[in-house]
Amino acid sequence: MIVMKFGGTSVGSADRIRGLVDQVEERLLQRPVVVVSALAGVTDLLIRGAGLARDRDPQLAPLVSRLADRHQDMIRELFGPGPFRDRLLRHVADLMTELGSLYAAVSAARELTPRNLDAIAGIGERLSFEIVAAALEAGDIATRAVDARRLIVTDESFGRAVPLMDATAQRVRELLRPLASQGVVPVIPGFIGATPEGVVTTLGRGGSDWSASIIGAALPAAAIEIWSDVDGIMTLDPKVAPGATLIPAIGFEEASELARFGAKVLHPATLQPAVQAGIAVWVLNSFNPAAPGTRIDVQPEDAASEPRGIALRKEVCLVLIAPPRRSGDGFRARVFDAFARHDTPVDLLASSEAWLSLTVSDATRLPDVVAELAAVGEVQVLQRMATVTVVGRGFARRPGAGKRMLASVDNLHVLMIAGGSSAESLSLVVPVEQVEEAARRLHREFFEQEAREDPQGEPPEACAVAAWGA
Ligand code: ADP
Ligand code: ASP
Ligand code: MG
């Protein structure tokens, strides 16, 4: 068995869905399990609609019509008059009614809870997976649409639910293995799951990749294929640097680090289940299926240590905390405790004698953290920051690595340089409007010229140097 996950653009048009049918057909001997995202842009629209509903904005009605039209048009383009078309149009009508009720409840309460938002955001995948399943069926491929709410059991952290792996694995095996062994292709909506009580949850934005690897690890599958709109994992987002090149093979750690620091091509949690189950993950291009893609696997111990890629993350907050004059050992513990208690992960950390500097990319609960930190020390929050991260095994330990990074962004405003959780990466924090330029310059330095000799004889730089304040 293999898992094939198709992202938003890979199911974004009737043509793409026809391509998907071909790609699945080619792999029928490998007994594929198909996981699909919502049509490109639909999750964004659903979430925008939720805000409009809360604000009782009249723009909601046209947005809902747009959503319905988008799916109905695609169905009419894919299926001539007949039972497939009728069934799917009914399915869309039913889900639009459900969406209408969800929006009405939000408008009535004038409040958007994370639980309501998940129910709304998950409609996109519930719309798309039935269309994809019908397209496969119409292409004479034995198919079964299986709702992920019956498969992926999660906790109740709405908006970023965590799968309960034992319960999920049991359901995946019970429901999917018999289908695959009968030669039936299961088609499953990504992104969503449900609590043990059956309340719909989502795995966080971009979470369909994670759905695929959770299912792949539970089966277990021989390979997990992530079909997207790029040739594979590139040295930098090709939308930022058109000169970015394909990384044909990469280790789990390096790929995870790229994802963790913003390379959107993979949801950051995707590789965890695959690593544990020892399953290779491929990133492939549904617009260019003949391209070899990127293979993510265990990296050989002797693999060369060199920069592998660059990731950037926008919308980051930099939090600076100065301890009171006579702070005891408890200062740091209190700081980290405040972040942990408000469920706000810290991405990067640098410290100097005077300040502790931290970056946060999920700032939803940052105001609560800051309110609490006010009792611990002096706090400053700098918004509209971004991180740019060079990833490569052992990169952060290489002599001169940080110096080379800083030199290539010399007249940009670098507020902090810090090593990642391991020696896999080194990051710079810059204002968001400078981050693409910083990424391009780093790309030129590390990927677009002959690798320069590292300066010899210099001591390794500290991994966490607070260099902010310029
Ligand atoms: P999907 O809908 O298929 O899940 P996403 O939009 O989530 O696709 O992810 C694919 C996008 O990720 C690409 O179009 C590209 O702009 C972006 N991306 C960011 N970093 C990288 C990278 N290092 N390599 C390839 N793509 C990247
Ligand atoms: N449709 C969801 C999103 O846009 C999940 C995904 O595409 O992976 O976030
Ligand atoms: Mg994605």
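Position 1 is the first residue of the sequence, and the numbers go up from there.
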Handout entry: All pairs passing salt bridge (Lys or Arg N to Asp or Glu O under 4.0 Å) where residues 156-171 contributes a residue, at least two apart
Key = Arg160-Asp343, Arg160-Asp362

Problem - Arg70 atom CZ: more than 12 heavy-atom contacts under 6.0 Å - result: yes

Practice task
Mind checking ring pair (Phe, Tyr, Trp, His ring centres under 6.0 Å) for His71 and listing every partner two or more places apart, or none if nothing turns up?
Solution key: none

Handout entry: Salt-bridge contact Arg126-Glu98 (side-chain N to carboxylate O under 4.0 Å)
Key = yes

Problem - Note, Met165 side chain near Gln276 side chain (heavy atom, < 4.5 Å) - result: no

Handout entry: Distance-only polar pair, side chains of Arg260 and Ser425, donor-acceptor under 3.5 Å
Key = no

Exercise for the section: Look up atom CG in Asp94 and atom CE in Met96, then write down how far apart they are to the nearest 0.5 Å. Expected result: 11.5 Å

Practice task
State plainly whether the residues Asp209 and Lys264 are in salt-bridge range, i.e. N to O under 4.0 Å.
Solution key: no

Problem - Contact list for residues 210-247, test ring pair (Phe, Tyr, Trp, His ring centres under 6.0 Å), sequence neighbours left out - result: Phe6-Trp227, Trp210-His267

Practice task
Report yes if some heavy atom in the side chain of Phe129 is under 4.5 Å from a heavy atom in the side chain of Ile192; otherwise report no.
Solution key: no

Exercise for the section: State, yes or no, whether a side-chain contact exists between Arg393 and Glu424 at a heavy-atom distance under 4.5 Å. Expected result: yes

Fill in the blank from the handout: Tightest non-hydrogen contact, residues Asp347 and Val360, listed as OD2-C, 4.0 Å

Problem - Arg341 bridged to Asp368 by N-O distance under 4.0 Å - result: no

Exercise for the section: Taking only Lys NZ, Arg NE, NH1 and NH2, and the carboxylate oxygens of Asp or Glu, determine whether Asp237 and Lys239 approach each other closer than 4.0 Å. Expected result: no

Exercise for the section: Ignoring hydrogens and angles, state whether a donor on the side chain of Thr201 or Thr154 is under 3.5 Å from an acceptor on the partner side chain. Expected result: yes

Practice task
Report yes if the side chains of Arg404 and Phe446 come closer than 4.5 Å at any heavy-atom pair, otherwise no.
Solution key: yes

